[in-house]
Amino acid sequence: QLLELDASSGKVLRTWPVGVAPFDVVLVKSKAYVSNWGGCRPGVGDLTGPAGRGTLVRVDPVRHIASEGSVNVIDLQAEHTTHNTELLTGLHASALAVSRDQRHVVVANAGSDTLSVIDTSSDKIIETVWAQQRPDDLFGAQPNALAFDKSGKKLYVCNGSQNAVAELAFKPGKSEWLGLIPVGWFPAALAFDRAGRRLASGSLDRTVRIWDVPNALPVLTTNTRMIMMAVCVLSDHVPWYFFGEAVGINMAVCVLSDH
C-alpha cells in the first residue's frame, strides 16, 4: 500500500492499493508514481510464487520467478482511493526519477537491464532504454538508482553489476548512452549536491565516492563501516556528509555541502 501520513502526528490519513513489494515513490503535481518490485497483484488463475510473509507474486511458467515489474499512477485528488492506473515495466521495477520539467518519470528495471520512460501527460511508457552501453555487453547491469543533473539533459544510473555509474543523454524517444564512471562494488545510491556539480554514489562495498561531474574528476572516496543504500541532499551549509544507520546497516548517505 501507499500511505499518506500526517507529518506531525504520524497518523495515517489515506491509503491506496499498489502492486507487490512497492519500492519507490515520487510526486508529480497531483499524482504519485509508485514502482513495484514484484509487479501487479496476482489475479484469479494467475501462476504465482511466494514473495515473503504470505504475499504472492505472479511468476513465469519456466523459471518461476517474478514475471514483471510495474508502476502505479495514483491521482491524489480523486475522491476514491481504490482505483488507479498500473503500467507494466521490466522486471524488478525499482528506483524512480522525475525529469526537471516534470514531463517524464524514469523507472530502473533492475531485473531486465532497462529503463522505462513514462510520459506524465498520458501516463504511458514512451521509451525503453537498454542499460548496457553496447548491444553485445553481457546481461546483468542491474540498473537500480537514478539521478538527473541540474539541466535535466543528463541522467545518471547506478549499474550495480558493472560497478559503475552510467551517464545518459536524456532525450525521450532517442536517449543515448555517453559513458561509464567507475565507482565501488555494486553502486546502489545516487544524489547531486544542490549546485548540481558534484555527484555522490554509495556502494555495497561500504564506500562513498564524490565526483566533480563537469570535469569528470574524482573529489573524494571514503570508506564506512556500513553498506550504502541511499543518498540524499540536506543543505548547503553543513560541511560534510552524513551517514544514517538502521538495524546495523547503513541506509542513507546525505550530501550536505560541496566542502
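Keep in mind the model is a prediction, meaning the values are calculated, not measured.
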Relative to the ring of Phe170, is the ring of Phe148 parallel (under 30°), tilted (30 to 60°) or perpendicular (over 60°)?
->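 Rings of Phe148 and Phe170: perpendicular, over 60°.
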Check: [Y] main-chain N/O paired with [X] side-chain donor or acceptor under 3.5 Å:
| X | Y | answer |
| --- | --- | --- |
| Thr114 | Gly90 | no |
| Asp113 | Ala141 | yes |
| Asp46 | Val57 | no |
| Ser161 | Gly140 | yes |
| Arg41 | Val18 | yes |
| Arg14 | Leu76 | yes |
| Ser203 | Asp205 | no |
| Asn163 | Phe186 | yes |
| Ser175 | Lys171 | yes |
| Asn159 | Gln162 | no |

Which heavy-atom pair separates [X] from [Y] by the least distance, and what is that distance?
| X | Y | result |
| --- | --- | --- |
| Ala66 | Leu91 | O-CD2, 3.1 Å |
| Val107 | Ser35 | CG2-CB, 4.3 Å |
| Ala21 | Gly38 | CB-N, 4.1 Å |
| Tyr156 | Glu167 | OH-OE2, 2.5 Å |
| Leu47 | Pro61 | CD2-CA, 3.5 Å |
| Ser67 | Val59 | CB-C, 3.8 Å |

Within the structure provided, determine whether [X] and [Y] are in side-chain contact (heavy-atom separation under 4.5 Å).
| X | Y | answer |
| --- | --- | --- |
| Val20 | Arg58 | no |
| Val213 | Phe192 | yes |
| Leu88 | Glu86 | no |
| Asn36 | Asn72 | yes |
| Ser99 | Val106 | no |
| Leu178 | Leu168 | no |
| Leu190 | Leu199 | yes |

For the residue pair [X] and [Y], confirm or rule out a side-chain donor-acceptor distance under 3.5 Å.
| X | Y | answer |
| --- | --- | --- |
| Ser94 | Asn144 | no |
| Asn84 | Asp75 | no |
| Thr15 | Glu4 | no |
| Asp24 | Tyr33 | no |

Among [options], find the one that has a side chain to side chain contact (heavy atoms under 4.5 Å, CB included) with [X].
| X | options | answer |
| --- | --- | --- |
| Val129 | Val157, Leu155, Leu115 | Leu115 |
| Ser116 | Ile125, Val71, Ile126 | Ile125 |
| Val98 | Leu27, Ile118, Val28 | Val28 |

Step by step, would you call Asp123 with Thr85 a side chain to side chain donor-acceptor pair (under 3.5 Å)?
-> CA-CA 8 Å; Asp123 288 329; Thr85 302; 5.7 Å; no
side-chain contact (heavy atoms from CB on, under 4.5 Å) between Asn109 and His92, worked out = CA-CA 5 Å; Asn109 304 311; His92 293 168; over 6 Å; no
Does the pair Arg100 and Asp149 meet the rule for a salt bridge (Lys or Arg N to Asp or Glu O under 4.0 Å), with working shown?
-> CA-CA 9 Å; Arg100 294 296 181 181; Asp149 74 349; 5.7 Å; no
How long is the gap from [atom1] on [X] to [atom2] on [Y], to the nearest 0.5 Å?
| X | Y | atom1 | atom2 | answer |
| --- | --- | --- | --- | --- |
| Gln1 | Trp16 | CD | CH2 | 10.5 Å |
| Ser201 | Arg209 | OG | CZ | 7.0 Å |
| Lys31 | Ile74 | NZ | CD1 | 11.5 Å |

Is the shortest side-chain N to carboxylate O distance from Arg103 to Asp119 below 4.0 Å?
-> no
